[in-house]
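Right, one structure below, let's go through it.
Every chain is numbered from 1 and lettered A, B, ... according to where its sequence line falls, protein lines coming before strand lines.
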Amino acid sequence: MVAEVNAIGLDAQRAELEASDPSLLVREKKEKTHDLPDLDGAEGGVVMRIAPGPSGPLHIGHTRVSILNDEYVKRYGGRLICRYEDTDPDRVDPDAYEMIREDMEWLGVDVTDEYIQSDRFQEYYDVTRRLISDGNAYVCLCDADDWRALKEEKKACPCRDRPVEENLELYERFLGGEFADGKAVAVVKTDVAHPNPAVRDFVALRLVRTPHPRTGTKYVAYPMMNLSVAVDDHLMGMTHVIRGKDHLNNTHRQEYVYDYMGWEKPRFYHYGLVNIPDTLLKTSLIRKGIADGEYSGWDDVRTGTVRALRKRGFRPEAIRRYWVEGGMKQIDVQFSWDTLYSMNRDIIDDVSNRYFFVRDPVRYDIDGVDSLAGEAPLHLDHPERGVREYAIGGRGKTIFISAEDSAVFAEDGAIRLKDLCNLEYGTPAKYAGNDLSVIKGGMRVVQWVSRDSVEAEVLMPDGTVARGLVENAILRETGETVQFERFGFARIESMGDGPVRAVFTHR
RNA sequence: GCUCCUGUAGUGUAGCGGCCAAUCAUGGAGCCCUCUCGAGGCUUCGACCCGGGUUCAAAUCCCGGCAGGAGCACCA
């Protein structure tokens with residue numbers, strides 16, 4: 001049958017089809033929405049989680065897993081757990097819990113339940129005891145380097161084959177603090193000869209005497225993430241786990257715990273790594289920069305923290321759209337600031353009123369006219385929002401344009417002040433009418449301010465400050481972001497005392 | 001070295017055996033409109049890693065290369 005149809009040729013096939021069912025020839029409209037793929041077995045609700053280590057506030061990289069999980073919980077219904085993984089007392093910042101909470105809230109991530117692992121050590125101890133008594137874990141007293149070297153050669157260390165009774169006894173002494181840090185660990189057995197060296201026996205509990213910011217010196221035995229994550233994901237009833245593919249091997253290790261305990265496994269998804277160019281993300285470096293006085297704080301615009309983005313005038317919806325459209329593929333990806341800028345511009349362009357900001361102002365007095373008047377809409381697409389009105393007259397007709405435009409003015413011999421008038425170059429400059437047709441001729445049209453302007457400072461993403469003047473109409477502005485025409489979008493930080501302070505968003 | 005994962009335009013994605021001379025976004029180029037270097041409109045540039053195989057038909061399935069990434073911590 002198929003062969004017969006093929007034999008008659010494409011044109012004949014088309015004609016034939018046209019006669020029988022023309023609708024088949026109409027190409028279906030492609031769905032252009034870039035929704036996330038469906039999750040298996042999610043009908044009826046999901047339980048998912050975000051598991052940050054509280055070492056500092058969230059950065060742009062963390063927003064992906066947060067938003068992905070949040071999106072799915074919103075789609076299927078269920079619970080979104082935020083679990084603070086503070087099981088390394090050397091890397092816990094007591095302020096981070098609250099900062100992360102704030103960051104999530106700003107991102108619009110709706111956390112329904114919150115857990116802190118340092119409250120849950122007893123759970124990890126109980127599971128480990130059970131693993132040991134079932135012969136699936138052991139207490140190891142070997143030197144860490146030796147133990148690792150043996151694993152490399154697919155060999156078991158002497159502790160691995162110790163009788164269960166002895167292991168249980170050692171375990172109680174281990175929890176009781178009888179051993180020094182680094183002298184003993186609890187280990188989960190997998191398969192010492194496993195072809196993948198990353199999956200062979202892994203440490204479940206270690207000893208740490210560094211006081212924990214939340215629990216002080218109450219505990220000396222600290223769980224490693226492969227134990228605590230498996231235990232918590234099970235106890236918290238996780239149905240789906242989404243995380244970076246750097247955890248692929250951790251998933252394999254954790255599956256041993258599930259199997260030993262007879263637990264049902266959640267469905268695991270691993271997305272590829274994100275490379276975020278030209279952005280400072282390392283918490284330790286930012287922390288150091290703050291301590292050294294190099295950075296103004298966790299929201300310093302030179303960093304990639306969520307609070308820095310917020311300060312710059314990004315909208316959380318833009319960040320969300322970025323990750324949703326990016327999907328969940330396992331391929332590693334490059335983060336594109338250009339794309340995020342574009343998505344953010346989509347949102348703020350409409351709500352941002354326009355003003356003239358003149359960087360590095362150069363003064364010009366105007367001759368040849370008694371007074372000048374003009375007006376410009378706050379937003380070209382929204383005339384209902386009103387206008388900025390200009391009236392220049394009286395003693396001196398003075399305006400300021402940016403140093404950059406001033407150079408062009410001198411070069412070209414003429415310039416147009418947008419929404420006001422044309423000028424011929426000179427000191428003073430000479431009024432040259434208000435004929436708009438000069439624009440067609442290619443005359444540069446620039447923003448300007450009068451003597452009634454106020455000082456302004458725009459903090460740029462590289463940490464420098466653009467200083468200049470902004471028209472005083474901005475003092476009545478109530479929106480969060482504005483667009484300085486021909487300069488870019490900015491978020492208003494403060495107005496009133498002193499200069500208007502703004503933070504550059506993007507072009 | 002071992003193990004795992006992944007390979008569609010510059011970037012990110014859609015497609016998952018015939019509708020693909022491959023989608024959308026972003027980006028580049030150009031034009032129109034607008035008194036912004038913003039927005040909008042239009043045009044245009046640009047990709048299925050390579051080689052075999054299966055099949056009437058492969059971006060889509062299989063095998064082999066190659067390339068990139070991750071892990072092999074008493075961090076998460």
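- When the nucleotides B/C72, B/G69, B/C35 are ranked by their closest atom to the side chain of A/Pro197, B/C72 comes out on top.
- We find that A/Asp181 and A/Arg209 are joined by a salt bridge, their nearest charged nitrogen and carboxylate oxygen being less than 4.0 Å apart.
- Across all strands, A/Val445 comes closer than 4.0 Å to base atoms (heavy-atom distances).
- Counting non-hydrogen atoms under 4.0 angstrom, A/Phe489 reaches the backbone sugars and phosphates but no base.
- Electrostatic pairing of A/Arg354 and A/Glu485 does not count as a salt bridge here, judged by no charged N lying under 4.0 Å from a carboxylate O.
- The shortest distance between side-chain heavy atoms of A/Ile60 and A/Phe335 falls below 4.5 Å.
- One finds a side-chain N or O of A/Lys329 lying less than 4.0 angstrom from the OP1 or OP2 phosphate oxygen of B/A14.
- For the pair A/Ile242 CD1 and B/C5 C1', the computed distance is 17 Å after rounding to whole Å.
- Between A/Phe487 atom CZ and B/A39 atom C1' the separation is 19 Å, expressed in whole Å.
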Completion exercise
Encoded 5' to 3' (Watson-Crick or G-U under 3.5 Å; [ ] crossing; | other strand), RNA chain B becomes (((((((..(((.....[.....)))((((((.......))))))...(((((..]....))))))))))))....

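- As judged by a 4.0 angstrom heavy-atom cut-off over every strand, A/Gln483 is placed among the base-contacting residues.
- Among the protein residues, A/Asp90 comes within range of no part of the nucleic acid, since none of its heavy atoms lies under 4.0 Å from any strand.
- With distances taken from any side-chain atom of A/Val185 to the nucleotides B/A25, B/C5, B/C74, the minimum falls on B/C74.
- Between A/Thr87 and B/A76 there is a side-chain polar atom (N or O) within less than 4.0 angstrom of OP1 or OP2.
- Comparing B/C2 with B/C19, their C1' atoms sit 46 Å apart, to the nearest whole Å.
- The side chain of A/Leu436 approaches B/C35 more closely than any other nucleotide in the set B/G40, B/U6, B/C35.
- Of the side-chain N and O atoms in A/Arg345, one or more sit less than 4.0 angstrom from OP1 or OP2 of B/A39.
- The same atom, P, is picked in B/G15 and in B/A73; the two are 38 Å apart, to the nearest Å.
- Between the P atom of B/U26 and the CG atom of A/Asp338 lies a distance of 11 Å, rounded to the nearest Å.
- Annotation: cation-pi pair A/Arg243/A/Tyr269 absent, no NZ/CZ under 6.0 Å from the ring centroid and within 45° of its normal.
- Comparing the C1' positions of B/A59 and B/U8 gives an interatomic distance of 7 Å, to the nearest angstrom.
- In this model, the phosphate group of B/A73 is approached by a side-chain N or O of A/Arg148 to a distance below 4.0 Å at OP1 or OP2.
- Checking B/G7, B/C35, B/A76 against every side-chain atom of A/Asp88, the shortest atom distance belongs to B/A76.
- Note that A/Arg388 lies in the cation-pi zone of A/Phe356, set by a 6.0 Å cut-off to the ring centre and a 45° limit from the axis.
- In this structure, the CZ atom of A/Arg200 is 17 Å from the P atom of B/G71, given to the nearest Å.
- For RNA chain B, the residues of residues 220-229 of chain A within the heavy-atom distance limit of 4.0 Å (strictly under) are A/Pro223, A/Met224, A/Met225, sorted by number.
- Look at A/Arg320 and A/Glu71 and you find a salt bridge, because one of the NZ, NE, NH1 or NH2 atoms lies within 4.0 Å of a carboxylate O, short of that distance.
- Of the P atoms belonging to B/G64 and B/C4, the separation is 12 Å, rounded to the nearest Å.
- Classification of the A/Tyr124-A/Phe121 ring pair by plane angle, with boundaries at 30° and 60°, yields tilted.
- In this structure, CD on A/Gln483 lies 10.5 Å from CG on A/Leu380, to the nearest 0.5 angstrom.
- Residue A/Arg354 places its side chain closer to B/U36 than to any other of B/G27, B/C35, B/U36.
- The residues A/Asp346 and A/Arg321 are annotated as salt-bridged, a charged nitrogen and a carboxylate oxygen being separated by less than 4.0 angstrom.
- Across all strands, A/His194 comes closer than 4.0 Å to no nucleic acid atom at all (heavy-atom distances).
- In the displayed structure, A/Glu114 atom CD is contacted under 6.0 Å by more than 12 heavy atoms of other residues, nucleotides or ligands.
- Across all strands, A/Cys142 comes closer than 4.0 Å to base atoms (heavy-atom distances).
- With distances taken from any side-chain atom of A/Leu248 to the nucleotides B/C35, B/C4, B/G71, the minimum falls on B/C4.
- Of the candidate nucleotides B/A39, B/G71, B/A70, B/A70 has the atom lying nearest to any side-chain atom of A/Leu273.
- Residue contacts for A/Arg444: at a heavy-atom cut-off of 4.0 Å it reaches a base atom on one of the strands shown.
- Taking atom P on both B/C24 and B/C42, the two are 12 Å apart, rounded to the nearest angstrom.
- A tilted orientation is assigned to the rings of A/Trp337 and A/Tyr341, their planes being inclined by 30° to 60°.
- Taking only side-chain atoms of A/Glu85, from C-beta outward, the nucleotide of B/A39, B/A76, B/G68 with the closest atom is B/A76.
- Distance noted for atom C1' between B/U44 and B/U6: 32 Å (whole Å).
- Projected onto RNA chain B by closest heavy-atom contact, A/Gly53 and A/Glu375 fall at different nucleotides, the more 5' of which corresponds to A/Glu375.
- The neighbour count for A/Glu384 CD, taken as heavy atoms of other residues, nucleotides or ligands under 6.0 Å away, is above 12.
- Distance noted for atom P between B/G7 and B/G40: 32 Å (whole Å).
- When the nucleotides B/G1, B/G38, B/C4 are ranked by their closest atom to the side chain of A/His252, B/C4 comes out on top.
- Here A/Gln447 lies out of heavy-atom contact (under 4.0 Å) with every strand.
- Taking the C1' atoms as reference points, B/G68 lies 45 Å from B/C33, given to the whole Å.
- Among the atoms of the strands shown, only primed sugar atoms or phosphate atoms (P, OP1, OP2) are found under 4.0 Å from some heavy atom of A/Gly326.
- Nearest approach of A/Ala184 to A/Leu141, heavy atoms of both residues: CB-CD1, 3.6 Å.
- Distances from the side chain of A/Ile331 to the nucleotides B/U13, B/C35, B/U36 place B/U13 closest.
- Of the two residues contacting RNA chain B, namely A/Met343 and A/Ala51, the nearest-nucleotide position lying further toward the 5' end is that of A/Met343.
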